[in-house]
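The next block holds one structure in the form of structure tokens; read it before the comments.
Heads up: numbering here begins at 1 and tracks the sequence. As the structure is a prediction and not an experimental result, all values here were calculated from the model.
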Amino acid sequence: MDYNTLKPLQREHRDSWTSGVNLRIHRALSWLNKAEIERANNDSDGEFVFLWVAFNAAYASNYSAFSKDTERDVYGQFFERLVKSDTNQRLYNLVWSHYSGAIRSLISNQYIFQPFWDQVNQVSQDDNWEERFHSAKKRANVALSEQDTVTALSIIMDRLYTLRNQILHGGATYASNLNRDQIHDGCLLLGAIVPVVIELMMATGT
């Protein structure tokens, strides 16, 4: 699924949705379109940023300055609603059948694990980031082994949230070779997740 296949569906069914859902889908599609333009231009940094904005537009019914913990709760609840209504198991199949390699690569990458940077930047005096990193990897691998789609998706987005912050707050260099692996995996995953999320929103009016 991409913008060109989703937009006609939105035009066909938008009159059946509430104004709030309609607006979220409209906004999300606009940013998905922009992300796909950046993909065609081989600008993976731009693609990642606009995919994140598209995801934000989909799940956030009202703009507010969420804290990291609050935002995690919000998109965790959003995934719970979508997974329950995903009768064709699109999200399930995306996670377990197609992108498990990229997911495992992300959860094994310390450079998108926020406690690592908190220690590097001396934001936290806690020096056990490695213990927490291995604990988080174990939790993620348990979720993968148990095919817990909601937890797996929430962990993925948590790691990508750190990458998003690095880019949007100027903590990364444009087109840097140092973060190509995580940008590549992030675009791969968000580029698959966001269209399915929008499709499910349209199918369920959620």
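Grouping the Ile, Leu, Val, Met, Phe, Trp and Tyr side chains by contacts below 4.5 angstrom, directly or via other members, places W129 with V120. A single hydrophobic cluster is seen to contain both V194 and L168, as judged by linkage of ILVMFWY side chains at heavy-atom distances under 4.5 Å, directly or through other members. W31 and I37 end up in different hydrophobic clusters when Ile, Leu, Val, Met, Phe, Trp and Tyr side chains are linked at under 4.5 Å.
Residues L160 and F48 have side chains in contact (heavy-atom distance under 4.5 Å, counting atoms from C-beta outward). Counting heavy atoms from C-beta on, the side chains of I25 and M202 come closer than 4.5 Å. Side-chain atoms of Q10 and W17, non-hydrogen and from C-beta on, do get closer than 4.5 Å to each other. The shortest side-chain heavy-atom distance between P195 and L32 falls under the 4.5 Å cut-off. Using a 4.5 Å cut-off on side-chain heavy atoms (C-beta onward), T206 and V21 make no contact. Within the 4.5 Å cutoff, side-chain heavy atoms of R90 are placed close to those of E199.
Ring geometry, Y111 versus W117: the interplanar angle falls from 30° to 60°, so the pair is classed tilted. The aromatic rings of F78 and Y59 sit tilted relative to each other, their planes meeting at an angle between 30° and 60°.
Counted within 6.0 Å of CH2 on W52, heavy atoms from surrounding residues, nucleotides or ligands total more than 12; the atom is thus considered enclosed. Heavy-atom contacts from other residues, nucleotides or ligands closer than 6.0 Å to CD of E80 number more than 12. Within a 6.0 Å radius of CZ in R180, more than 12 heavy atoms belonging to other residues, nucleotides or ligands are found.
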- Task: Test side chain to side chain contact (heavy atoms under 4.5 Å, CB included) on I156 and Y99 and set out the steps.
- Result: CA-CA 11 Å; I156 292 165; Y99 295 99; over 6 Å; no
- Before giving the answer on side chain to side chain contact (heavy atoms under 4.5 Å, CB included), spell out for Q119 and R132 the whole-Å C-alpha distance, their side-chain angles and the decisive distance to 0.1 Å. CA-CA 12 Å; Q119 185 175 334; R132 295 173 65 186; over 6 Å; no
- Carefully, step by step, assess D185 and I103 under the rule side chain to side chain contact (heavy atoms under 4.5 Å, CB included). CA-CA 8 Å; D185 290 337; I103 293 169; over 6 Å; no
- Evaluation steps, side chain to side chain contact (heavy atoms under 4.5 Å, CB included), between R139 and T151: CA-CA 9 Å; R139 176 172 171 264; T151 298; 3.9 Å; yes
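Between D2 and K7 there is no salt bridge, since no side-chain nitrogen of the basic residue lies less than 4.0 Å from a carboxylate oxygen of the acidic one.
One finds the CD1 atom of I107 at 12.0 Å from the CG atom of D158 (value rounded to the nearest 0.5 Å). Separating the CG atom in L9 from the CG atom in L29 is a distance of 9.5 Å, to the nearest 0.5 Å. The distance from atom OG of S108 to atom NE2 of H134, rounded to the nearest 0.5 Å, is 10.0 Å. Once rounded to the nearest 0.5 Å, the distance linking CG of N109 with CZ of F116 reads 9.5 Å. Here Q89 contributes atom CD and L94 contributes atom CG; the two are 12.5 Å apart, rounded to the nearest 0.5 Å. One distance of note links CG of L189 with CG of L51; it measures 10.5 Å at 0.5 Å rounding.
Looking at S85, its side chain does come within 3.5 Å of a backbone N or O of R81 through a donor-acceptor pair. For the pair R27 (side chain) and A57 (backbone), a donor-acceptor distance under 3.5 Å is absent. Judged by distance alone, with hydrogens and angles left aside, the side-chain atoms of S154 form a donor-acceptor pair with the main-chain N or O of V150 at under 3.5 Å. Under the 3.5 Å distance criterion, the side-chain polar atoms of E36 are matched with a main-chain donor or acceptor of Y3.
Q114 and D118 are linked by a side-chain donor-acceptor pair at a separation below 3.5 angstrom, with hydrogens and angles left out of the test. Of the N and O atoms on the side chains of R104 and N141, at least one donor lies less than 3.5 Å from an acceptor on the other residue.
When every heavy atom of I198 is checked against every heavy atom of A28, the shortest pair comes out as CD1-CB, 3.8 Å. Nearest heavy-atom pair across C187 and S44 is SG-O, 3.3 Å. D45 approaches A175 most closely through the heavy-atom pair OD2-N, 3.1 Å. Q182 approaches L106 most closely through the heavy-atom pair O-CD2, 4.3 Å. In terms of heavy-atom proximity, R159 sits nearest to F133 at NH1-CE1, 4.0 Å. Residues W96 and A152 approach most closely at CH2-CB, 3.8 Å, considering heavy atoms.
By the salt bridge (charged side-chain N to carboxylate O under 4.0 Å, His left out) test, K34 is found to be paired with E38, residues two or more places apart in sequence or in another chain being considered.
Residues F55 and F79 bring their aromatic ring centres within 6.0 Å.
Partner of T149 under the side-chain contact (heavy atoms from CB on, under 4.5 Å) criterion, chosen from D86, V83, L82: V83.
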